[in-house]
**Q** 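The structure is given below, and queries will be raised subsequently.
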Amino acid sequence: MDKLIITAAVTGSRPTKEMNPAVPYTPAEIAHAAVDCWRAGAAVAHIHVRDPETGRPDFRTELFQEVMDRVRAECDVILNLTTSGLFLSGPDITEKRLQPVALGPEICSLDIGSLNFSDRVFENPPDWGRAAAERMRQYGVKPEIEVFDVGHIHQARSLVEEGLIDPPPVFQLCMGAKWGIEATAENLLFLKGKLPPDACWSVLGVGRAQLPMSALGIVLGGNVRVGFEDNLYLRPGVLAESNAQLVERVVDLARMLEREPATPDDARQILGLTR
Ligand code: MG
């Protein structure tokens, strides 16, 4: 089996300091969390940005740029910038969502399909997926295709078959989001069976599902994502003190199951990144 690529999703757009005081808001806090996760064994940092004052989800390019500059000054962790734009509205939303691509990270997330997502509709119409794949290819940015349900894989496969996504296609199987596919072993095997044969895949479980989905990802030869974007707890009722603590836990689990964590350079090779 390949080495295990651990992605740390350090802030996302939903968790707040009221939920867990260690949730990072400012570019300095977000960068610090990403570097700590790299020290703990993460190869990839998945980045969202927040309004530094209020902590609300933000999408300003200068905030992404500051996080990138701060992280790159400290380490070689692979940066994966979000293009989810879940809280954006108004005209030109596709262009707004694609702004992080032009900053030249190695990876950007690409949400391929729509779903009811907690209290809102997460809209990813077909022309969005196509425009995002084309833009990422133009900038040499690897798309990480986020899927929240099985039909999303079907949609991604059509882009792969059309040649809009270079091999190997990289998938993040997002499980247990409200109201995406539930985080169960059966569902993970089902999703895995639908992937293109050459896909690299990773799994995330939301909330309490983070640990069991990580264990399954490790033994099934996939990769894993942990961090505050998906889960704020170390154990039921016990908040994690940092993102890095969640990375440390999955590193321990991987070593117990005899999979060595990938370094960023290992991950570049596995994912076919050409910096
Ligand atoms: Mg995200």
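It should be emphasised that the depicted structure is a prediction, and the values quoted were computed from it without experimental measurement.
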**Q** Under a 4.5 Å side-chain heavy-atom rule over Ile, Leu, Val, Met, Phe, Trp and Tyr, are V226 and L234 clustered together?
**A**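 Per the 4.5 Å side-chain linkage, V226 and L234 are co-clustered.
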**Q** Using the side chain to side chain contact (heavy atoms under 4.5 Å, CB included) criterion, which residues pair with V160? Sequence neighbours excluded.
**A**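 Expected list: I165, P169.
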**Q** May I ask you to decide if G205's main-chain N or O and D230's side chain share a donor-acceptor pair within less than 3.5 Å?
**A**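 Checking the backbone N and O of G205 against the side chain of D230, no donor-acceptor pair under 3.5 Å is found.
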**Q** Between K142 (side chain only) and P105 (backbone N and O only), is there a donor and an acceptor less than 3.5 Å apart?
**A**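 Side chain of K142 to backbone of P105: no pair is present.
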**Q** Could you tell me how the ring of F117 sits relative to the ring of F148: parallel (under 30°), tilted (30 to 60°) or perpendicular (over 60°)?
**A**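 Plane angle between 30° and 60°, so tilted.
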**Q** Looking at F228, is its backbone amide N or carbonyl O close enough to the side chain of N243 to form a donor-acceptor pair, meaning the two atoms are under 3.5 Å apart?
**A**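 Yes; judged by distance alone, with no hydrogens or angles, the pair exists.
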**Q** Under the 3.5 angstrom rule, does the side chain of R97 hit a backbone N or O of S84 as a donor-acceptor pair?
**A**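 Judged by distance alone, yes, a pair lies under 3.5 Å.
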**Q** Any side-chain to backbone donor/acceptor pair from E66 onto L63? Under 3.5 Å, distance only.
**A**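 Judged by distance alone, no pair lies under 3.5 Å.
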**Q** Do R225 and N80 have side-chain N/O donor and acceptor atoms under 3.5 Å apart?
**A**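 Checked: R225/N80 side chains show no N/O donor-acceptor pair below 3.5 Å.
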**Q** Taking D92 for its side chain and E95 for its backbone only, find out whether a donor-acceptor pair lies under 3.5 Å.
**A**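 No; zero donor-acceptor contacts below 3.5 Å.
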**Q** Please determine whether side chain to side chain donor-acceptor pair (under 3.5 Å) holds for the pair D111 and W128, giving the CA-CA distance in whole Å, both sets of side-chain angles, and the decisive distance to 0.1 Å.
**A** CA-CA 9 Å; D111 295 290; W128 151 256; 6.0 Å; no
**Q** If you count the non-hydrogen atoms of other residues, nucleotides and ligands that lie under 6.0 Å from CZ in R235, is the total more than 12?
**A**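 No.
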**Q** Would you give the length of the straight line joining atom CZ of R249 to atom OG of S214, rounded to the nearest 0.5 angstrom?
**A**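 Taking CZ in R249 and OG in S214, the distance rounds to 7.0 Å.
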**Q** Identify which one of H48, R50, H46 satisfies the side chain to side chain donor-acceptor pair (under 3.5 Å) criterion when paired with T11.
**A**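 That would be R50; it is the only one of H48, R50, H46 passing the side chain to side chain donor-acceptor pair (under 3.5 Å) with T11.
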**Q** Is it the case that one hydrophobic cluster holds both L216 and M1, taking links as side-chain heavy atoms less than 4.5 Å apart, direct or via other members?
**A**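 Different clusters: L216 never reaches M1 through Ile, Leu, Val, Met, Phe, Trp or Tyr contacts under 4.5 Å.
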**Q** For a quick check under 3.5 Å, do W179 and D149 share a side-chain donor-acceptor pair by atom type?
**A**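 Looking only at side-chain atoms, D149 and W179 do not form any donor-acceptor pair under 3.5 Å.
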**Q** Any side-chain donor paired with an acceptor under 3.5 Å for E123 and S114?
**A**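 Short answer, no.
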**Q** I'd like to know whether W201 forms a side chain to side chain contact (heavy atoms under 4.5 Å, CB included) with N223, so could you lay out the CA-CA distance, the side-chain angles of the two residues, the decisive distance to 0.1 Å, and finally the verdict.
**A** CA-CA 6 Å; W201 63 277; N223 299 300; over 6 Å; no
**Q** When hydrophobic residues are tied together by side-chain contacts of less than 4.5 Å, even through go-betweens, does M19 share a cluster with Y25?
**A**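 Yes, M19 and Y25 fall within the same hydrophobic cluster.
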**Q** Check the hydrophobic clustering (I, L, V, M, F, W, Y; side-chain heavy atoms under 4.5 Å; chains of links allowed) and say if I145 and I153 are grouped together.
**A**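 Per the 4.5 Å side-chain linkage, I145 and I153 are co-clustered.
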**Q** Evaluate the criterion salt bridge (Lys or Arg N to Asp or Glu O under 4.0 Å) for residue pair R14 and E229; output intermediate values, then yes/no.
**A** CA-CA 7 Å; R14 290 180 184 274; E229 178 166 348; over 6 Å; no
**Q** Between K17 and V23 (side chain of the first, backbone of the second, donor and acceptor by atom type, cut-off under 3.5 Å), is there such a pair?
**A**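 Between the backbone of V23 and the side chain of K17 there is a qualifying donor-acceptor contact (under 3.5 Å).
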**Q** Walk me through it: do M175 and V206 pass the test side chain to side chain contact (heavy atoms under 4.5 Å, CB included)?
**A** CA-CA 6 Å; M175 304 189 69; V206 172; over 6 Å; no
**Q** How about F64 and F59: are their ring centroids closer than 6.0 Å?
**A**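 Between F59 and F64, which both carry aromatic rings, the centre distance is below 6.0 Å.
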**Q** Tell me if the CD atom of E260 is crowded by more than 12 foreign heavy atoms within 6.0 Å.
**A**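 More than 12 heavy atoms, drawn from other residues, nucleotides or ligands, come within 6.0 Å of this atom.
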**Q** Does CD in Q138 sit with more than 12 non-hydrogen atoms of other residues, nucleotides or ligands closer than 6.0 Å?
**A**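 Yes, because the 6.0 Å sphere around CD of Q138 holds more than 12 heavy atoms from other groups.
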**Q** Okay, side chain of D266, backbone of T263: is any donor-acceptor separation there less than 3.5 Å?
**A**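 Looks like yes, one N/O pair under 3.5 Å.
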**Q** Assess the side chains of S109 and E144: does a donor N or O sit below 3.5 Å from an acceptor N or O?
**A**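 There is no such pair between these side chains.
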**Q** Out of H152, R157, E146, which one pairs with I112 under the side-chain contact (heavy atoms from CB on, under 4.5 Å) rule?
**A**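 Only one of H152, R157, E146 forms a side-chain contact (heavy atoms from CB on, under 4.5 Å) with I112, namely H152.
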**Q** When V224 is tested against each of T7, V247, I5, I6 for side-chain contact (heavy atoms from CB on, under 4.5 Å), which residue passes?
**A**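 Single side-chain contact (heavy atoms from CB on, under 4.5 Å) partner of V224 among T7, V247, I5, I6: I6.
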**Q** If only side-chain N and O atoms count, and only distance matters, is there a donor-acceptor pair under 3.5 Å linking Q269 with D265?
**A**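 The answer is no; no qualifying pair exists.
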